[in-house]
Each structure stands twice: as structure tokens, then as C-alpha cells.
2 protein chains.
Amino acid sequence: MNMTTSKVYIETFWQIHRMIEEAGLQPGDRLPSERELADRLGVGRSSVREALRALELLGLIETRRGEGTFMKPFGDHQLIQLLGSFILQGNREKRDLIETKVLIERICLQLACERLTDEKLERIKREEHTYHSFFRRIVEATDNYLLLRIWLVLTDFFKHIYTLTLPSEFYEQMWVALQKRSCEEAIAMYEQYVMQKMSKEN
Amino acid sequence: MNMTTSKVYIETFWQIHRMIEEAGLQPGDRLPSERELADRLGVGRSSVREALRALELLGLIETRRGEGTFMKPFGDHQLIQLLGSFILQGNREKRDLIETKVLIERICLQLACERLTDEKLERIKREEHTYHSFFRRIVEATDNYLLLRIWLVLTDFFKHIYTLTLPSEFYEQMWVALQKRSCEEAIAMYEQYVMQKMSKEN
DNA sequence: GAAGTTAAGTGGTCAGACCAGTGACCACTT
DNA sequence: AAGTGGTCACTGGTCTGACCACTTAACTTC
């Protein structure tokens with residue numbers, strides 16, 4: 001009967017994924033139970049479970065014994081953590097990660113200078129900041145959701161390797177540069193503080 | 001019996017992972033069968049399978065029906081691809097995709113100018129090129145594997161939306177710029193041909 | 001009304017069965 | 001000697017049914 005060569009749990013994975021999209025499930029929402037999914041999709045419960053494990057690893061869902069399966073807030077992909085311990089073992093990979101992150105952040109700085117609205121600028125000023133919370137605002141200011149996604153992934157990796165803390169004057173001076181929409185100044189600031197620190201630790 | 005609160009398939013995942021490390025398994029090597037693993041670890045076969053699914057998703061192993069489970073060549077972590085398809089899912093603005101791709105390609109051009117070896121330069125000259133085969137060489141020349149992965153994902157999506165063909169003089173002139181290691185010239189060329197075309201179609 | 005009990009539902013796990021490929025082995029043909 | 005086809009043991013893929021541990025809510029009981 002199974003004419004297709006594709007494996008059931010792969011099929012099931014995508015079916016559940018599609019189901020999530022079509023139902024427009026939001027973080028916190030509950031998925032049908034494993035038994036119901038198996039029944040509805042016409043597959044065995046074990047296949048459903050193997051598919052759910054994949055979704056779990058991707059950080060899309062979370063299972064709670066006795067309660068059910070729930071949508072997880074997008075962003076904490078624990079798979080990043082896992083990947084880190086697998087992929088980022090070598091110095092080669094770390095070097096690539098840092099280099100890529102720095103390149104992307106420099107781009108974002110440039111874009112942010114062009115696109116940052118006064119409103120967002122004000123909000124940045126009012127907030128307390130760590131390096132990544134600060135830069136998240138920068139990346140958000142680029143108004144490019146895809147770029148933000150990429151940056152988030154890189155940062156997730158990065159956090160598992162390094163802890164980056166900068167003196168408060170960095171944020172203050174950077175904010176001034178942003179306010180002046182001075183791309184050159186912002187980049188200079190970035191190179192002075194961040195890149196220097198990065199090259200040391202490496 | 002099960003004093004620990006951690007789930008069996010998680011435990012099993014790490015045990016198999018440890019087993020791989022301790023045995024020093026190399027790409028192509030075969031793992032014990034699912035039944036033997038279940039037996040040796042004292043757990044059910046379904047738990048072993050759920051653990052194997054995770055390892056598979058991480059790109060560490062590959063299962064072949066009738067043959068067994070094998071270590072996978074290091075490097076093709078298809079989860080990056082998967083992750084990409086999640087990041088890019090939905091009707092993300094084409095604008096974001098194009099903008100990001102362009103930004104990354106410009107970066108890669110700059111890096112390539114610094115790092116391109118004469119040998120690679122020669123090979124590029126000899127080859128027939130489409131836009132993406134050409135640029136792949138550029139991105140490879142950055143010697144940053146992570147950047148390459150990101151670019152591949154973006155390009156993958158891009159291909160589903162646009163077909164980008166450029167006149168052959170683009171490749172010739174770009175090659176000359178690369179040979180001269182002239183970053184400015186290469187970027188100028190890129191802006192003249194690619195960005196102009198992109199902004200039209202959009 | 002508050003506290004304790006019960007029952008239904010859920011994920012977690014296991015064991016066993018069967019299917020569908022693979023590969024080695026062996027008897028048989030040419 | 002070389003090729004052919006069948007058999008058989010083993011592998012991953014799948015399904016089923018049975019428990020367990022846990023949560024929740026409805027239902028007692030005081």
C-alpha cells in the first residue's frame with residue numbers, strides 16, 4: 001500500500017507542520033494529543049512520536065507529560081545549543097561564526113543608520129542594555145525580518161561560546177552616533193570596541 | 001526504577017553520542033543495529049529510534065533500510081537547511097530576501113578580493129558559469145563555511161522566485177576585477193549589473 | 001466551603017509482531 | 001569458470017496494545 005518511498009515519520013513531520021501553519025497555532029497553544037494525531041493522520045503513534053521529536057528538536061514544540069504538546073515561543077531553539085556542541089568544536093567553526101556575526105552586525109549598523117526612526121531611537125535610550133539586547137534593537141531597526149532571524153541564530157550560537165560585555169560608554173557613544181545617523185562613526189565605534197575585543201579573545 | 005526525571009530517549013541520545021565518540025567512529029562507519037543498541041543500553045527499541053531520529057536530524061548519522069545506520073560525512077548538516085526553511089517560512093517579504101542576499105554577496109565579494117588564491121582564480125576562469133555557479137566560487141573563496149551555508153540557503157529560496165541571468169561580459173569583467181584584487185571595482189560591477197537588475201524586477 | 005478521592009486523559013516506555021529492503025551464501029544452469 | 005536465481009538471516013520502518021507516571025477536573029466526603 002505504501003507506494004511512496006518516503007518514510008512515514010518524515011511525511012508525518014510535514015503534515016503536522018502544515019497543520020500548525022493552517023491552524024495558525026500560536027506559542028502556548030496546544031496540539032492534538034499523540035493518539036488523536038495518529039488517528040487523524042492514519043499512522044501509528046510511534047511514527048507520530050518520531051515526527052514530534054524532530055519538531056521538538058527544532059524548538060517548535062514542547063511536550064509536557066500528563067498535559068500535552070504545546071507550541072513553544074519561537075526563538076529559543078535548543079537545537080542551537082545542541083548544534084553548538086556538535087558543530088562548533090573546532091576553532092575553524094568558531095572563527096567562521098565570529099567573522100560572520102561581525103560582518104552581519106556591521107551591515108546592520110549601516111542599515112540602521114539609514115532606517116532608524118526617532119521613536120525607536122528614544123526607546124533604545126530609555127532601556128537598560130546588555131550587548132545583545134542593544135544590538136537586537138539595531139538589527140530590528142533594519143526592518144529586515146530575515147536579517148533579524150539570521151542574526152538571532154548566530155547570536156544563539158555565539159552565546160554558548162563567549163560572554164560579551166562592554167563598558168556602558170560604548171552604548172552611550174554608539175547611541176550618539178546613531179542619533180547623528182553617522183554611519184562612519186557607528187562603524188568606527190563598533191570596530192574600536194567589539195572587533196578589538198573579539199580579535200583578542202581569539 | 002526510573003528515579004531520574006529525564007526522559008529515556010534523551011539519555012539514550014547522549015549515550016549513543018558518547019558511544020560514537022569513544023569508539024571513534026568515522027564517516028562511513030556502521031553503528032550497531034537498533035535492536036542491539038536497545039539491548040545493550042537496556043531500553044526499548046522505540047526509545048533508541050527516537051534518539052536516532054535526533055542524531056539524524058543533526059546530520060550525524062544516516063539510516064539505510066536493510067543495511068543499517070551509518071556515520072555521515074561531516075559537513076552536510078541538513079538541519080541548517082531545515083532551519084533555513086523554517087526561518088524563511090511563510091510569505092516573507094521578497095524584499096527581505098533580496099536585500100539580504102545582496103548584502104551578503106557584497107560582503108563576500110569584498111572578502112573574496114582579499115582571500116582569493118591564484119589557483120582558485122584560474123579555475124574560475126576555466127569554468128562555464130551561470131550566475132549562481134559563479135558566485136558560489138566567490139563565496140567559497142571567502143573560506144568561511146558558515147557564510148557559504150547561509151548564502152546557499154538564501155540562494156535556494158531565491159531560485160524559487162527569480163531567474164537571474166547576466167550577459168557573459170559580466171563574468172569576464174568581474175573576473176578582471178578579482179584578478180586585480182580590486183574590491184571597489186568588483187563592487188561597482190556588482191552594483192551596475194546585479195543590483196540594477198534586482199531593483200527593476202522588484 | 002474545603003479537603004481528599006477518583007477517573008479520564010496525556011506523554012513516556014516497552015515488547016512483540018509484521019513488512020520491505022539488503023547482502024551473503026549456495027545450488028543450479030550454461 | 002561464470003553467471004543465474006533462490007533462500008535465509010539481518011536491518012530499518014511501522015503498527016499495535018499494553019503499562020506507567022503524571023496532570024487535571026469532576027466528584028465525593030467531611
Side-chain angles (χ1 to χ4, degrees), chain A residues 1-17 19-20 23 25 27-73 78-79 82, chain B residues 1-17 19-20 23 25 27-73 78:
Chain A
M1 304 323 156
N2 196 2
M3 299 301 284
T4 75
T5 54
S6 75
K7 303 168 183 173
V8 173
Y9 67 87
I10 302 282
E11 275 301 315
T12 306
F13 170 87
W14 288 112
Q15 287 198 5
I16 296 178
H17 180 240
M19 182 183 300
I20 290 174
L25 294 187
D29 290 351
R30 184 161 169 272
L31 273 70
S33 76
E34 296 180 353
R35 290 172 177 81
E36 185 180 339
L37 280 174
D39 201 42
R40 201 192 295 182
L41 300 177
V43 300
R45 193 178 154 213
S46 50
S47 292
V48 169
R49 280 185 63 81
E50 291 186 24
L52 287 178
R53 289 294 77 73
L55 289 166
E56 191 176 53
L57 191 63
L58 285 172
L60 256 78
I61 62 169
E62 173 187 17
T63 59
R64 294 202 286 270
R65 183 197 217 116
E67 295 183 67
T69 305
F70 301 85
M71 294 297 295
K72 210 169 161 183
Q78 83 257 41
L79 113 159
L82 266 179
Chain B
M1 313 309 163
N2 196 4
M3 299 301 285
T4 76
T5 53
S6 76
K7 303 168 184 174
V8 174
Y9 67 86
I10 302 283
E11 276 299 317
T12 306
F13 170 87
W14 288 112
Q15 287 197 5
I16 296 179
H17 179 235
M19 183 182 301
I20 289 174
L25 293 187
D29 289 351
R30 185 162 169 274
L31 273 71
S33 76
E34 296 179 353
R35 289 169 177 84
E36 185 180 338
L37 280 173
D39 202 43
R40 202 193 292 182
L41 300 177
V43 301
R45 193 179 152 213
S46 50
S47 293
V48 168
R49 280 186 62 82
E50 290 186 23
L52 288 179
R53 288 295 77 72
L55 289 167
E56 192 177 52
L57 189 61
L58 286 172
L60 256 79
I61 63 168
E62 172 188 18
T63 57
R64 296 202 286 269
R65 185 199 215 115
E67 296 183 65
T69 306
F70 301 85
M71 294 297 296
K72 213 169 162 182
Q78 87 249 43

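Numbers restart at 1 for each chain; the letters A, B, ... are given by sequence-line order, proteins then strands.
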(request) Have a look at the helix from C:dG1-D:dC30 to C:dT30-D:dA1 and give the angle its two end axes make, five pairs each, rounded to 10 degrees. (result) 20°
(request) Write down the distance between CZ (A:F13) and C1' (D:dT14), rounded to a whole number of angstrom. (result) 19 Å
(message) Does anything in residues 41-54 of chain B come within less than 4.0 Å of DNA chain D? Heavy atoms only, and list the residues if so.
(response) B:R45, B:R49, B:R53
(message) Going by side chain to side chain donor-acceptor pair (under 3.5 Å), name the residues that satisfy it together with A:T63, two or more places apart in sequence or in a different chain.
(response) A:E56, B:K7
(message) Can you classify the ring geometry of A:H17 versus A:F13 as parallel (below 30°), tilted (30 to 60°) or perpendicular (above 60°)?
(response) parallel
N/O contacts under 3.5 Å, protein versus nucleotides 4-6 of chain C?
none

(request) State, to 0.1 Å, how close B:A54 and A:L57 come at their nearest heavy-atom pair, and which atoms those are. (result) O-CD2, 3.8 Å
(message) Expressed as a whole number of angstroms, how long is the span from B:E62:CD to D:dG12:P?
(response) 13 Å
(request) Report the distance from atom OH of A:Y9 to atom C1' of D:dG13, rounded to the nearest whole Å. (result) 8 Å
(request) Measure from CG on B:D39 to P on C:dG16 and round the result to the nearest Å. (result) 11 Å
(request) Specify the closest pair of heavy atoms between A:F70 and A:G28, including all atoms of both residues, with the distance to one decimal. (result) CD2-O, 3.6 Å
(message) Minimum heavy-atom separation for B:L37 and B:P32, please, with both atom names.
(response) CD1-O, 3.8 Å
(request) Please list residues of residues 29-37 of chain A whose heavy atoms come under 4.0 Å from any atom in DNA chain D, ordered by number; otherwise none. (result) A:R35
(message) Working to the nearest 0.5 angstrom, can you tell me the gap between B:S46 OG and B:L52 CG?
(response) 11.5 Å
(request) Can you see which heavy atom on B:M19 is nearest to which on B:L41, and at what distance? (result) CE-CD2, 4.1 Å
(message) Any side-chain N or O of A:T69 below 4.0 angstrom from OP1/OP2 of C:dG11?
(response) yes
(message) Return the CD1 to CD distance between B:I10 and B:E50, rounded to the nearest 0.5 Å.
(response) 9.0 Å
(request) Check the distance between C:dG11's P and A:R65's CZ and give it to me in whole angstrom. (result) 12 Å
(message) Quick check: do B:L55 and B:T69 have side-chain heavy atoms less than 4.5 Å from each other?
(response) no
(message) Once side chain to side chain contact (heavy atoms under 4.5 Å, CB included) is applied, do any residues pair with B:D39, and if so which ones, sequence neighbours excluded?
(response) none
(request) Write down the distance between CG (A:L55) and C1' (C:dG11), rounded to a whole number of angstrom. (result) 15 Å
(request) Flag the pair A:D29 / A:I20 as yes when at least one side-chain heavy-atom distance between them is below 4.5 Å, and no otherwise. (result) no
(request) List in chain and number order the residues that pass side chain to side chain donor-acceptor pair (under 3.5 Å) with B:E36, two or more places apart in sequence or in another chain; answer none if no residue qualifies. (result) B:R40
(request) Take B:V43 and B:Q15, measure what side-chain contact (heavy atoms from CB on, under 4.5 Å) needs, and give me the verdict at the end. (result) CA-CA 11 Å; B:V43 301; B:Q15 287 197 5; over 6 Å; no
(request) Verify side-chain contact (heavy atoms from CB on, under 4.5 Å) between A:I61 and A:M71, making sure each step is shown before the conclusion. (result) CA-CA 5 Å; A:I61 62 169; A:M71 294 297 295; 4.3 Å; yes
(message) Rounded to the nearest 0.5 Å, what separates atom CD1 in A:I16 from atom CG in A:L25?
(response) 11.5 Å
Please list, pair by pair, any protein nitrogen or oxygen found under 3.5 Å from a nitrogen or oxygen in nucleotides 23-25 of chain C.
residue, atom, partner, partner atom, Å
C:dG23, OP1, B:E67, OE1, 3.4

(message) How many whole angstroms separate atom CD1 of B:I61 from atom C1' of D:dG13?
(response) 14 Å
(request) Kindly point out which of C:dG12, D:dT14, D:dG12 is positioned nearest to the side chain of B:T63? (result) D:dG12
(message) Checking B:E34 now: which residues fulfil side chain to side chain donor-acceptor pair (under 3.5 Å) with it, not counting sequence neighbours?
(response) B:R45, B:R49
